[in-house]
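Here the structure is laid out as C-alpha cells; the discussion comes afterwards.
Since we're looking at a predicted model, the values are computed, not measured. First listed ligand is number 1; within each ligand, the first listed atom is number 1. Values reported hereafter were calculated over all heavy atoms of this structure, with side chains retained and with hydrogens, waters and symmetry mates removed.
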Amino acid sequence: MISPILPTYNRAPLSFVSGEGAWLVEKDGRRFLDLGAGIAVNVLGHAHPALTEALTAQAGQLWHTSNLYHIPRQEELAERLVAATFADTCFFTNSGTEACELAVKMARKYWSEKGQPERHVILAFTGSFHGRSSAGIAAAGSEKMTKGFGPLLPGFRHVPFGDHEALRAAMAEPDVAAVILEPVQGEGGIIPVPDVCLKGLRDLCDETGALMILDEVQCGMGRTGKLFAHEWAGIAPDIMMVAKGIGGGFPLGALLATEDAASGMSAGSHGSTYGGNPLACAVGNAVMEIVAEESFLSEVRRKAGLLRQALEGLVASHPEVFELVRGSGLMLGLKCRVPAGDVVQAAYGQQLCIVPAADNTVRLLPPLNIEDEDIREAVARLDRAAVSLVPAPQA
Ligand SMILES: Cc1ncc(COP(=O)(O)O)c(C=O)c1O
C-alpha cells in the first residue's frame, strides 16, 4: 500500500525533533552532528537566535499580503541583494526550481522583446542540476531526471562538462539565448568550474550576446567563502538563481538580474502568490545581515581551510575508502572508493549527517558558522566511519 507521503525519497530511519547550531537531536535523544545542513540550507545552523527572533517578530505582525501590494521587508531584502551583487533587480521565489523557471523565461523574453524570438535555446552542461520542474529537468537533461517524463520542454541543448571545443561550437549557434551553469556542481558531485573557464565562458557570452545564467542555489550565500561563488573568478553573470541558504531554513529563493537582462519583463509577465512574502523576507534580511558581512565570510574561509586540511589527512589515512577531496569553501566533496551510500550509512552509525551526490561522492555542507571543535569532531566521526567500512586484517 502506498504511504500517505508520496514515496519519492529513500529516507533514512531518523526523525529529528530539535536542533541547535550544528547539532540535531533525534526523537530517541541521540545527538547528530549535521554536516548536511538540510542540503546547504541552514547556513547559520539550527535555531539561530537572530533568525528565530526575525521570524517570530514578523509572525506576530503580518504573515502575508500578496504581491498586489508593496511588501516593505521584500523591498529591504531586494535592496540588500542589489547592493551586495552585480544585480540591478530581484524577483523572489519559494525555491531554487522556481528561480530556474524564471531564469529560462527571462532569457527567452529578452530575445523575443529584442525582435529575435528564434534565439530561444538554453545551453546547459552534463551533470548539472537545476531543479525538478519541467524546465529544470529539461535543463539538467540526465536520463535519471527525465526518464518517463517526456515529452520534455524543448529548447535545451547539452554540452559535455569540461569540453571547451564543444562549448565554443555550441555557443556559435545563432539560436542560443543563454547558457546556464552551476559555478560548483552540487548534486553532480561537488565539481567546481575552474575560474579560468568561468572567465572564458563570460568572454564567449560577451562575444555572442548569449546571457550567462549562474545557478548559485547550492554554492551561493557564503558557502564558498565569498557571498557568491562566481566572485572568485572576478566575473559577473547576467542572471543568477539563489535559494537554499538565503532563507536559512525558511523557504525562500530569488532570481537576480541586470537591468538589461530583465528588460523583457514587465507587469503581468511573471508572478508568485507566496514569493517574497513578509515571513520569508524577514528571515532573508536577518540571514543577509550576518552572512554578507566580510568578517563572517573571512571566517568561512578560515573554517574551510581547517576542514579541508583535516579531510586531506582523512583521505591519506583511508585510501581504500576515499579517493580525493574537492570543492570550494565549506562545499566539499569526498570522492569514495567504496559506494558513497555505504559511507553515508557508516556516518549515520557515528551520529554524523552527510549527503550523497553523484560521481560516488559524499557532500560536506556544514552550517557556515560551525564551531572549530565541531569540525574536528566531524572529521573524527568520519574517521571512525571509514574504519568501520574496512574489514580488519586477518591475523
Ligand atoms: C544547483 C541547484 N539548483 C536548483 C536546485 C533546486 O532547488 P529547490 O530544491 O529549492 O527547488 C537545487 C537543489 O538542490 C540545486 O542544488
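At the shortest separation from atom 9 (O) of ligand 1 among protein heavy atoms lies T97 OG1, 4.3 Å. Looking from atom 10 (O) of ligand 1 to the surrounding protein, the closest heavy atom is G96 N, 2.9 Å. Scanning the protein for heavy atoms near atom 16 (O) of ligand 1, the closest one is Q218 NE2, 2.8 Å.
Looking at R73 and N285, their side chains never bring a donor and an acceptor atom within 3.5 Å of each other. Side-chain contact annotation: E26 with Q351, donor-acceptor N/O pair under 3.5 Å absent. Under 3.5 Å, the side chains of N360 and E323 contain no donor-acceptor pair of N or O atoms.
Counting heavy atoms closer than 4.0 Å to ligand 1, residue E98 contributes nothing at all. With a 4.0 Å cut-off on non-hydrogen atoms, R132 does not touch ligand 1 at all.
Ligand 1 lies nowhere less than 4.0 angstrom from a heavy atom belonging to Q185.
Between F322 and H318, the two ring planes are perpendicular [angle over 60°; tilted spans 30° to 60°].
Within a 6.0 Å radius of CD in E320, other residues, nucleotides and ligands contribute more than 12 heavy atoms.
One finds the CG atom of L81 at 7.0 Å from the CE atom of M221 (value rounded to the nearest 0.5 Å).
In summary, the atoms of ligand 1 found under 4.0 Å from a heavy atom of S95, numbered by their order in the structure, are 10 (O), 11 (O). Distances below 4.0 Å separate heavy atoms of E182 from the following atoms of ligand 1: 1 (C). Shown in contact with D215 at under 4.0 Å from a heavy atom are these atoms of ligand 1, numbered in order with element: 1 (C), 2 (C), 3 (N), 4 (C).
For the pair R11 and Y348, the cation does not sit on the ring face, since its NZ or CZ is not both under 6.0 Å from the ring centre and inside 45° of the axis.
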